[in-house]
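Everything on this sheet refers to the single structure shown next.
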Amino acid sequence: MYNDKVPFLDLITQHSELEHELVEVFREALGRAGFIGGPMVENFEREFAAYCDTAHCVGLGSGTDALRFALMALGVGQGDMVITVPNTFIATTEAISQAGASIAFVDIDERTYNMDPEKLRAFFETECAPGPKGRPVHKKSGRIVTAVVPVHLYGQMANMDAIMELAAEHRLKVVEDACQAHGAKYFSIKENCWKTAGSTGHAAAFSFYPGKNLGACGEAGAATTNDAAVAKTMKMIRDHGQAQKYYHDMEGYNGRLDAIQAGFLSVKMKHLPAWTEARRAAAGRYNELLRGMDEIITPLEDERSKAVYHLYVIRTQRRDELQAYLAQNDIFAALHYPVPLHLQKAYAHLGFKEGSYPISEQAANEILSLPMFPGLTASQQKKVVEGIRKFIRSGN
Ligand SMILES: Cc1ncc(COP(=O)(O)O)c(C=O)c1O
């Protein structure tokens with residue numbers, strides 16, 4: 001299919017291997033004319049909740065819905081402020097704004113690319129004052145900080161012990177953006193056990209966009225929580241604010257997970273542990289092959305972390321040249337993300353400047369996501385790293 005090319009992501013091979021089972025799901029849904037809700041959605045919700053070690057999973061239309069509905073169900077709304085990081089996909093901050101809150105950023109840790117809890121602590125100390133019921137009030141805007149959204153970027157969980165501790169101290173709700181982190185683990189010293197992404201915060205959001213570690217054949221997402229009341233509210237929000245048909249306790253959204261997508265996801269769920277192992281093995285091979293190349297910084301997997309390598313992201317100062325060189329040699333790498341959110345045009349009104357979040361800015365200029373997917377072969381990886389080696393040697 002790709003001849004000698006090394007694609008960034010190969011979904012075609014994965015789907016051809018699963019074609020028979022996926023077509024059966026479609027046939028079943030057609031036979032039952034059951035496209036919205038029903039057993040396929042409920043089954044998948046049960047399976048995914050068990051996989052994430054949570055009491056509840058609510059199937060939704062996308063990861064963006066999941067972030068937005070989780071914030072809303074936790075009571076975040078008009079006049080609030082929610083903290084996240086600048087180096088994430090815009091869906092994270094769209095959800096904050098669309099829940100009615102305003103956005104605050106704290107910078108990241110330069111080795112894990114995740115929220116730096118020390119910077120979160122500093123945000124409360126320097127930018128906030130104690131407000132009603134001990135809640136932090138953002139001095140400049142007068143808004144009450146009510147929630148934090150750590151992003152488990154590239155498939156590695158953020159330092160949740162520290163973030164949960166600060167959240168408890170300041171009475172914040174925590175929504176994990178686990179859209180890239182299906183099955184990622186983090187060892188909690190506080191609880192003395194491994195925790196799965198989606199089970200630590202008050203709620204969490206997952207995306208099943210086709211290219212994700214668990215991807216639908218279209219748009220899909222889910223939210224997880226251990227709180228029955230939050231799950232119930234999210235179920236109402238996804239269905240026009242109704243728990244009983246045509247009795248609307250509030251306005252909601254049309255944000256339900258399609259039955260066909262849920263069926264596809266159940267087929268793929270069975271393979272997810274093996275796919276995660278394949279990704280981890282591929283990351284280990286890249287680490288070996290890239291060892292000793294001084295120009296390249298390989299990703300750091302924290303010792304308390306089992307990352308699921310949604311992306312394998314290296315850093316180099318000559319990133320754009322390297323990406324172009326690889327593309328000329330049929331090796332396709334990508335950028336996640338080239339512009340940090342505080343410098344996006346959409347957020348010009350927030351008044352941030354270059355230099356506001358220097359670690360995120362430096363990362364945006366230097367990161368490069370190498371090809372990564374479960375079927376990536378050792379010889380494809382050798383070709384990628386050979387390309388990098390030739391680029392460095394040629395002094396391009
Ligand atoms: C970190 C992050 N947050 C949120 C989202 C939004 O998910 P979706 O595209 O399913 O709405 C994505 C996926 O694109 C993501 O990578």
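Keep in mind that the numbers below use all heavy atoms, side chains included, and drop hydrogens, waters and symmetry copies. Numbers here are sequence positions counted from 1. Atoms within each ligand, like the ligands themselves, are counted from 1 in listed order.
- Under 3.5 Å, the side chains of S356 and H342 contain no donor-acceptor pair of N or O atoms.
- Residue H20 places its NE2 atom among 12 or fewer non-hydrogen atoms of other residues, nucleotides or ligands, all under 6.0 Å distant.
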Write out each pair where an N or O from ligand 1 and one from the protein are under 3.5 Å apart, with the distance.
unit_1	atom_1	unit_2	atom_2	d
ligand 1	3 (N)	D177	OD1	3.3
ligand 1	3 (N)	D177	OD2	2.8
ligand 1	7 (O)	S207	OG	3.4
ligand 1	10 (O)	G63	N	2.8
ligand 1	10 (O)	S207	OG	2.6
ligand 1	11 (O)	G63	N	3.3
ligand 1	11 (O)	T64	N	2.9
ligand 1	11 (O)	T64	OG1	2.4
ligand 1	14 (O)	K212	NZ	3.0
ligand 1	16 (O)	Q180	NE2	2.9
ligand 1	16 (O)	K212	NZ	3.4

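- Nearest heavy atom pair, residue R32 against residue P39, reads NH1-CG, 3.4 Å.
- At a threshold of 4.5 Å between side-chain heavy atoms, the hydrophobic network of Ile, Leu, Val, Met, Phe, Trp and Tyr places F8 and M372 in one connected group.
- Distance CZ/F69 to CZ/R238: 9.5 Å, rounded to 0.5 Å.
- Side chain to side chain, S199 and D53 fail the donor-acceptor criterion of an N or O pair below 3.5 Å.
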